[in-house]
Engineer: 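Handing you this structure, nothing more for now.
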Amino acid sequence: MKDVIVAKFGGSSLADSQQFMKVKKIIESDPKRKYIIPSAPGKRNKNDHKVTDLLYMCQQLAAHNLNFDEVYNIVKNRYTEICEGLNLNFDIHGILEDIKEKIRLGASRDYAASRGEYINGLILSHYLGYEFVDAVELILFDKNGKFDAKNTYEKVRSRLANVSCAVIPGFYGVMPDGEIKTFSRGGSDITGSIIARGVWAQLYENWTDVSGFLMADPKIVKNPRPIEKVTYKELRELSYMGASVLHEEAIFPTKEAGIPIVIKNTNAPDDAGTMILSDISPVEHTGTITGIAGKKDFTVISIEKTFMSSDKSFFRKLMTIMETNDISVEHMPSSIDSISLIVPASQLNSKLDKVVEEIRIYCEPDSIICYPDMALVAVVGRGMINTKGIAARIFTALAKNGVNIRMITQGSSELNIIVGIENKDFEKAIKAIYEAF
Ligand code: ASP
């Protein structure tokens with residue numbers, strides 16, 4: 001691994017010139033921070049707009065032959081104010097006019113959106129005195145729009161081999177025909193991870209406006225403790241259940257390479273943040289849990305059939321019904337004569353009656369009962385494997401607080417315990433489990 005840090009700064013970290021100044025100070029405080037990935041300017045306050053949203057709006061108006069001057073002016077003012085605030089002698093005006101003309105002439109949605117990062121990257125590179133390397137030189141998509149990992153890593157490695165310091169805009173890359181393509185929203189996190197993997201960095205820093213992950217949702221638990229260290233696998237279990245600080249797809253490039261990610265706060269750079277460590281690097285097993293996450297609004301389809309497991313085609317038929325109805329099953333706890341399918345209610349919508357009918361016809365169960373309004377709470381911790389009594393503490397806490405547990409599953413990696421409860425008990429359950437640890 002190289003003695004290099006890749007640092008990505010999110011939209012709120014680069015929302016105005018004051019934030020740019022903080023970012024510069026952070027970058028200059030460690031000479032290893034050589035490759036910098038900016039997002040587009042985000043919100044400065046609750047009622048503000050993200051530049052990316054404004055650019056999407058401009059493109060949509062232009063596509064309908066409507067005047068978009070007013071919206072584009074907001075974008076222009078944001079960047080002009082940043083340049084003025086930083087005293088930059090740089091022709092931002094010409095760049096902004098050129099992009100506006102392209103949007104007016106029918107540039108694609110992805111092109112328009114990508115300009116938020118592009119312009120912010122140009123400004124940041126001038127401000128830092130770093131080389132600007134456009135993402136179209138590095139991040140490649142194939143003709144179907146799928147990220148082309150192999151060729152991208154090769155490009156990143158060779159193009160940056162002799163570039164000591166660079167700013168590379170996040171969020172987009174290029175298709176073989178030269179068209180710009182973006183990742184999904186929040187995708188600058190992915191760019192940062194890809195660059196870290198491509199240059200084989202020793203660390204990927206993701207700078208945002210919170211000091212890492214918290215053990216539980218602060219909207220439910222008052223002042224939850226921060227998570228200092230989490231493994232990639234634990235984070236999967238937590239993010240999957242709704243904790244969102246980092247783009248879900250951003251962990252894969254660095255994870256494969258065993259590169260740690262640290263989530264840091266641009267507004268409180270001395271806070272430790274959360275370190276995401278590869279499962280191969282030794283992380284001490286704590287005797288406690290790492291975090292609690294959960295999600296409401298699941299439906300449980302509970303199916304009973306005597307001698308279910310001796311009917312060899314039963315599970316195949318059941319899964320085929322789910323597949324043909326385009327429903328993904330989140331969990332499937334089973335016992336000798338019964339199985340429950342836990343499905344996000346949003347996936348079922350109006351399909352529930354049809355699905356139940358098909359199960360009746362093809363699987364011939366003794367009974368099917370559906371329970372709506374269920375919530376899942378996942379308690380995650382690498383320490384569970386070696387620590388006795390964690391499950392007991394969870395269940396005791398829930399029982400003491402009058403929460404009725406409707407289902408329990410434990411992941412095969414012994415990394416998590418998931419309990420199914422009623423929606424109405426959701427907040428109470430998370431509080432109770434947090435208190436117990
Ligand atoms: N600017 C893009 C968005 O708002 C990408 C990012 O911020 O990561 O989604």
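Position 1 is the first residue of the sequence; numbering continues from there. Excluded from the calculations below are hydrogen atoms, water molecules and symmetry mates; all remaining heavy atoms, backbone and side chain alike, are included. Just follow the structure's listing: the first ligand is 1, and inside any ligand the first atom is 1.
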Engineer: Please tell me whether Tyr118 and Phe171 form a close aromatic pair, meaning their ring centres lie under 6.0 Å apart.
Structural biologist: no
Engineer: For Glu117, is at least one N or O under 3.5 Å away from an N or O on ligand 1?
Structural biologist: yes
Engineer: Before giving the answer on side chain to side chain contact (heavy atoms under 4.5 Å, CB included), spell out for Ile195 and Tyr204 the whole-Å C-alpha distance, their side-chain angles and the decisive distance to 0.1 Å.
Structural biologist: CA-CA 9 Å; Ile195 301 296; Tyr204 171 32; over 6 Å; no
Engineer: If you have a sec, work out which protein heavy atom is nearest atom 6 (C) of ligand 1 and how many Å separate them, to one decimal?
Structural biologist: Ser188 OG, 3.4 Å
Engineer: At what distance, to the nearest 0.5 angstrom, does CG of Asp209 lie from NZ of Lys264?
Structural biologist: 14.5 Å
Engineer: Which protein non-hydrogen atom lies closest to atom 7 (O) of ligand 1, naming both residue and atom, and how far is it?
Structural biologist: Ser39 OG, 3.2 Å
Engineer: Under 3.5 Å, side chain of Asp142 to main-chain N/O of Lys146, donor-acceptor pair present?
Structural biologist: yes
Engineer: Between Phe9 and Trp207, what is the ring plane arrangement, given parallel below 30°, perpendicular above 60°, and tilted in between?
Structural biologist: parallel
Engineer: Would you say Thr52 has any N or O atom under 3.5 Å from an N or O of ligand 1, going by distance alone?
Structural biologist: yes
Engineer: Would one find an N or O of Gly186, backbone or side chain, under 3.5 Å from an N or O of ligand 1?
Structural biologist: yes
Engineer: Return yes if some donor-acceptor pair links the side-chain N/O of Ser114 with the main-chain N/O of Tyr111 below 3.5 Å, else return no.
Structural biologist: yes
Engineer: Which residue supplies the protein heavy atom nearest to atom 4 (O) of ligand 1, what is that atom called, and how far is it?
Structural biologist: Arg185 NH2, 2.9 Å
Engineer: Please verify whether a non-hydrogen atom of Gly11 lies at under 4.0 Å from ligand 1.
Structural biologist: no
